[in-house]
Amino acid sequence: MKYSRLDAKNHSRATMRGVWAAANVPFREDGAIDEGGYRRNMEHWITELGIEGLFVAGKQGEFFSMSVDERKRMFDISVKAADGRAQTIMSCSDQNMDVVIDLARHAQACGADYIVVHAPVLHFLKAQDETLVRYYESIASKVDIGMALWSHPDSGYLMSPELCNRLADIETVVAIKYSVPREMYKRLTELAGDRILVSTASEEEWLENIVELGWQLYLCSSPPYTLQTKADRRMRDYTELAFAGRFEEARAISASLEPVRDAFRRTKPTEKPHAHQKYWQELLGQVGGRVRTPLLELTEAEKRATREAFESCGLTLT
């Protein structure tokens, strides 16, 4: 590791900055991971889009369809492909605590920068703060690598700002991907922003969170590589302008992306977000690939509607 357990919070504050993306995993027709395609995507994301960090084998990456060995393989490939040019944060989320810890240990051993762990589904329970404190303390006691929390409605509940504030006291908890209403993440920023980096996956809210809340990290979803091209890096541009305090210029560039956002949103079938994103990536010249069962592929009509919207959205390809 590049830092000690005791220095995890300081190291994250100094290095977890800018735009990080949640990487997808392209699958071949036979269901195997397209490792070469994934490496090509990473090269594009890092060298041509300037993405500073990659969230590996999370929900965007269809971790729920992969074996533990496949997830470890994605960790290894990602660290090697990044080669110090971008940071990596590995999703170790699982309902089985032994699997979480096994993945966390592998992430630490293979050279990942951080791990992220989703709040678990609490079967037969409502949100139980003491259970969740024990859950994250147990993981932190087994590895030294910095850990990001992750709260999302998928768990069946949202961790409260007050609970997350308690969890921020854990020595190796360095950040949170907080997929919640703005008032909740604003409150957590007030409570714990001095101890952990608070972020959310909404690209539409990212700019104002820099301006109003002083955020330094976008953690993270697919917009960094679905709304940008080598010749059109408006998300990166408005981010850098905002960091420099040039807020009105940043807002103008962000607003110019609305046709792209709209084209992506309105053509995405509710039950097919992964397939839609992968097809959009193919239109961008990236490797999208197949989704894994039981996820659904786009119909030809859905592809046609997506392609037509893409072609008129205003993204500059070359």
Novice: Establish, from distance only, whether the side-chain atoms of Thr267 and His276 form a donor-acceptor pair under 3.5 Å.
Specialist: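 There is such a pair between these side chains.
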Novice: Hey, could you give me the OH/NE2 distance between Tyr114 and His11, rounded to the nearest 0.5 Å?
Specialist: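 Going from the OH atom of Tyr114 to the NE2 atom of His11 covers 4.0 Å.
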Novice: Which of these passes side-chain contact (heavy atoms from CB on, under 4.5 Å) with Val25: His274, Arg292, Glu70, Met66?
Specialist: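 One option only clears the test, and that one is Met66.
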Novice: Drop me the distance from Thr293's OG1 to Glu62's CD, to the nearest 0.5 angstrom.
Specialist: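 One gets 10.0 Å once the value is rounded to the nearest 0.5 Å.
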Novice: Can you tell me if Glu171 uses its side chain to pair, donor with acceptor, with the backbone of Leu6 under 3.5 Å?
Specialist: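 Here the side-chain-to-backbone pair does not exist.
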Novice: Can you list every side chain to side chain donor-acceptor pair (under 3.5 Å) pair that touches residues 135-151, not counting sequence neighbours?
Specialist: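 Applying side chain to side chain donor-acceptor pair (under 3.5 Å) to every pair that reaches into residues 135-151, excluding sequence neighbours, yields Arg5-Asp144.
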Novice: I need the single residue from Leu188, Leu219, Leu217 that forms a side-chain contact (heavy atoms from CB on, under 4.5 Å) with Val198. Which is it?
Specialist: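 Only one of Leu188, Leu219, Leu217 forms a side-chain contact (heavy atoms from CB on, under 4.5 Å) with Val198, namely Leu188.
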Novice: Classify the angle between the aromatic ring planes of Trp206 and Phe243 as parallel (below 30°), tilted (30 to 60°) or perpendicular (above 60°).
Specialist: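 Geometry flag for Phe243 against Trp206: perpendicular rings.
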Novice: Of the non-hydrogen atoms in Ile46 and Ala82, which two are nearest, and what is the gap between them?
Specialist: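 Scanning both residues, the minimum pair turns out to be CD1-CA, 3.9 Å.
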Novice: Any donor and acceptor pair, going by atom type alone, linking the side chain of Lys177 with main-chain N or O of Cys220 inside 3.5 Å?
Specialist: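 Yes, the answer is positive, given that a donor and an acceptor are paired below the 3.5 Å cut-off.
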Novice: Over 60° means perpendicular and under 30° means parallel, so classify the ring planes of Phe264 and Trp280, tilted if in between.
Specialist: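 Aromatic pair Trp280/Phe264 classed perpendicular.
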Novice: Measure across Arg40 and Val287 and return the closest heavy-atom pair with its distance rounded to 0.1 Å.
Specialist: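 Taking Arg40 first and Val287 second, the nearest heavy atoms are NH2-CG2, 3.8 Å.
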Novice: So, does Asn96 use its side chain to make a donor-acceptor pair with the main chain of Val99 at under 3.5 Å?
Specialist: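 Judged by distance alone, yes, a pair lies under 3.5 Å.
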Novice: Report yes if the distance between the aromatic ring centroids of Tyr218 and Trp20 is under 6.0 Å, otherwise no.
Specialist: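 No, too far apart.
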